[in-house]
Structures are given as structure tokens and as C-alpha cells.
Amino acid sequence: MALLFGMAVLATFAVFVFGWRLARADALEGWDVADIALLRDEAQRKRRVGILERIARRTSPQLAVVLGPRIIANLRRRIDLAGRPDGMTVDTFLQLLVKYIIVLGGAGVYMMILGRLVSALLLVAAGVIMPLSRLAGARRRRQTQIDADLPDFLDVLAVTVGAGIGFRSAMDRVSTRFTGPLREELTLTLHQLDVGVPRRSAFTQLRDRCDTDAMSSFVSALLQAEELGAPLGEALNSIARDSRREAAQSARQRAARMNPRVTLIVSVILVPPTLVLIGVGMFLGADIDFGSLLNG
């Protein structure tokens, strides 16, 4: 009996010592540096998640069910055309939409309490419009950059193909000279060709992802030249000239649309101070004693 009691006391002491060492030891000892960095980044990310973020994450799946597959497919199409900014997906876009609705909807409820119904409706509508306008702006900037880079790409590609290099190798070599969305889309197309996607299907998807007139002309001419056996170099040079012509025309149209905006800004910002300055100058230059006039 005494032996069993002594063994129990010894086992208790051993467990206490083992637990004490675990409590005093470094929990990250023996971990790889990359694993430690990943764990700390994940912990910081979890700490940064606020109430609004948690609500958005829980609400976005239900919102996707309410919107239905047709609207979700349309949103996915818009995100793809915008170039998936900051790695945006349908889920992250719905989370962003929920945040805007909560914040601006709360302000709308406050306006409704104050009796400003129109302001409340505008705030609620802005909660839906602002995320969509962000996508639309990213899409316009992306398409503008693609249209600006495509003529130079086609010129270099035509020269490379004319030098006797294969079309696939020429595209790979020329695309590395560029940056931005055009390179990303061309790289994706080349990867599709590498994994066995048919050329027509890969370039058709490229046209759909870019959704620009210049890229549509390039893909159509490329596929037509492949079917008919026409010289590809001449077709590329012709498309490059047409793309530059369309880009110049688009620039002139944008400049024409900016003219009224510049006039409005000048009228609102510069004209009132100018009138005040002229009035003050006339007042000081007239040297009229208004005190004597008012006193009679």
C-alpha cells in the first residue's frame, strides 16, 4: 500500500514537472520560419476582422442565393472583364456590397427618421451603385490599356512572325516585352494552348475576356487567316493600323467629352473669385467715401 502511494506521488510530481516545462517553453520552437510567418500573418488577419467584416462574410452566401444564378453569372462576367481587381471574386464582391449597404443603409435610416425620404433613398441606392461603378471603372481602365498596347504588340508580332519564328513562340516572346492586362491575358491564352485547348477556343475566350473592338478584330483576322491560309504578317500589320486609327479617334472623342467638363470647372471655380477681385479693385480704385454718403 505504501509502495502504491509513493508511486502515485512520484507520477504526480513527474506530470507537474512536465507540465511546468511545457508552460515555460517556447511554443514556436522547432517550427520552420515560413510556417511561423504564415501563422502570424493568419493571426493578424483574424485579429483585423471586425464586426462589419464578419457580418458581410455570413450574409454573402444568403445574398447569392437571393440574387439567383443569372445575376451571379452576370456579376462574374463583370468581375472578369474588370480583370479581377485585387483578386476579387463573386464572394468578395458580395461582401463588399453588404458592407456598403449596411453603412449607407444605416445613414439612410437616419435620414428617414429626420424626414428626408429622398436622401434616404439616394443613400440606399448608392450602396448598390458604388460597388458596381467601381467594377465599371476598372473595366474601362483595363480596356483602354489593352487598346493602347495592342497596336505595338501586333507590330512587333508581325515582324517576329515575318522573320520565320512560329506563331506560338512569337507570341510567347513578344508578350514578355509588355506589362499590364494585355500580358496577363496573352499569358493565360498561351497556358491554355499548352494544356491542349484548341486554338479557336483559346482565342475566342481571349476575345470574350478583353471585350474590346481592337482585340475582336485581331482574333477574327487571326482565325480567318488560319482557316483560309492567308499571310499572317500582312493581316497583323493591317490590324495594327486599324487599331491605331481607332485609338486616335477614341482619344479625340474623349477630348471632346472633356471640353464641357473643363468649362464647367472653370466657370464654377475661377469665375466667382475673378468677379470678386474685379469688384474689390473697382471699389478701391473709385476712392469713394461711403461714410460721408451714408451720413448725408
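The analysis underlying the following values was restricted to heavy atoms, covering all of them including side chains, and did not include hydrogens, waters or symmetry mates.
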Assigning hydrophobic clusters by single linkage (Ile, Leu, Val, Met, Phe, Trp, Tyr; side-chain heavy-atom cutoff under 4.5 Å), is [X] placed with [Y]?
X      : Y      : value
Ile129 : Leu123 : no
Leu190 : Val219 : yes
Ile51  : Ile102 : yes
Met88  : Ile101 : yes
Val159 : Leu150 : no

If you define the side chain from C-beta out and look only at heavy atoms, does anything of [X] sit under 4.5 Å from [Y]?
X      : Y      : answer
Ile55  : Lys99  : no
Asp208 : Asp80  : no
Leu67  : Leu94  : yes
Tyr100 : Val124 : no
Met215 : Leu182 : yes
Leu132 : Leu75  : yes
Val197 : His191 : no
Phe93  : Leu135 : yes

Which pair of non-hydrogen atoms, one from [X] and one from [Y], has the smallest distance, and what is that distance?
X      : Y      : answer
Leu96  : Pro131 : CD2-CB, 4.4 Å
Arg142 : Pro181 : CG-CB, 3.7 Å
Asp91  : Ser60  : OD1-OG, 3.1 Å
Gly180 : Gln145 : CA-NE2, 3.8 Å
Val128 : Leu97  : CA-CD1, 3.8 Å

Inter-residue atom distance [X].[atom1] - [Y].[atom2], 0.5 Å rounding:
X      : Y      : atom1 : atom2 : value
Leu122 : Met111 : CG    : CE    : 10.0 Å
Gln95  : Thr89  : CD    : OG1   : 7.5 Å
Ser175 : Arg183 : OG    : CZ    : 6.5 Å
Arg84  : Glu184 : CZ    : CD    : 7.5 Å
Met171 : Thr160 : CE    : OG1   : 11.5 Å
Ile146 : Phe153 : CD1   : CZ    : 11.5 Å

(message) Could you check whether any side-chain N or O of Thr59 sits under 3.5 Å from a backbone N or O of Ala56, counting only pairs where one atom can act as donor and the other as acceptor?
(response)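 Here the side-chain-to-backbone pair does not exist.
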(request) Might you work through the side-chain contact (heavy atoms from CB on, under 4.5 Å) test for Gln192 and Arg199, ending with a clear yes or no? (result) CA-CA 9 Å; Gln192 290 177 336; Arg199 178 175 292 188; over 6 Å; no
(request) Answer yes or no: does atom CZ of Arg58 have more than 12 heavy-atom neighbours from other residues, nucleotides or ligands under 6.0 Å? (result)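 Counting other residues, nucleotides and ligands, CZ of Arg58 stays at 12 neighbours or fewer.
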(request) For Gln205 and Ser201, run side-chain hydrogen bond (donor to acceptor under 3.5 Å, both in side chains): C-alpha distance rounded to whole Å, both residues' side-chain angles, the deciding distance at 0.1 Å, then the answer. (result) CA-CA 6 Å; Gln205 294 178 23; Ser201 177; 3.3 Å; yes
(request) If you link ILVMFWY side chains whenever their heavy atoms are less than 4.5 Å apart, which other residues fall into the same cluster as Val65? By chain and number, please. (result)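 Listed partners: none, Val65 stands alone.
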(request) Show your reasoning for whether side-chain contact (heavy atoms from CB on, under 4.5 Å) applies to Phe203 and Leu193. (result) CA-CA 9 Å; Phe203 281 98; Leu193 294 175; 4.3 Å; yes
(message) Quick one, Leu206 with Cys210, criterion side-chain contact (heavy atoms from CB on, under 4.5 Å). Give me CA distance, side-chain angles, the key distance, then yes/no.
(response) CA-CA 6 Å; Leu206 172 64; Cys210 295; 3.8 Å; yes
(request) May I ask you to say whether Arg177 pairs ionically with Asp152, meaning some side-chain N is under 4.0 Å from a carboxylate O? (result)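 Salt bridge flag = no for Asp152 with Arg177.
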(message) Using side-chain hydrogen bond (donor to acceptor under 3.5 Å, both in side chains), reason through Arg209 and Thr189 one step at a time and then give a plain yes or no.
(response) CA-CA 10 Å; Arg209 289 194 304 269; Thr189 302; 3.1 Å; yes
(request) Evaluate side-chain hydrogen bond (donor to acceptor under 3.5 Å, both in side chains) for Asn74 paired with Arg78, printing each intermediate quantity in order. (result) CA-CA 6 Å; Asn74 182 268; Arg78 289 173 179 264; 2.9 Å; yes
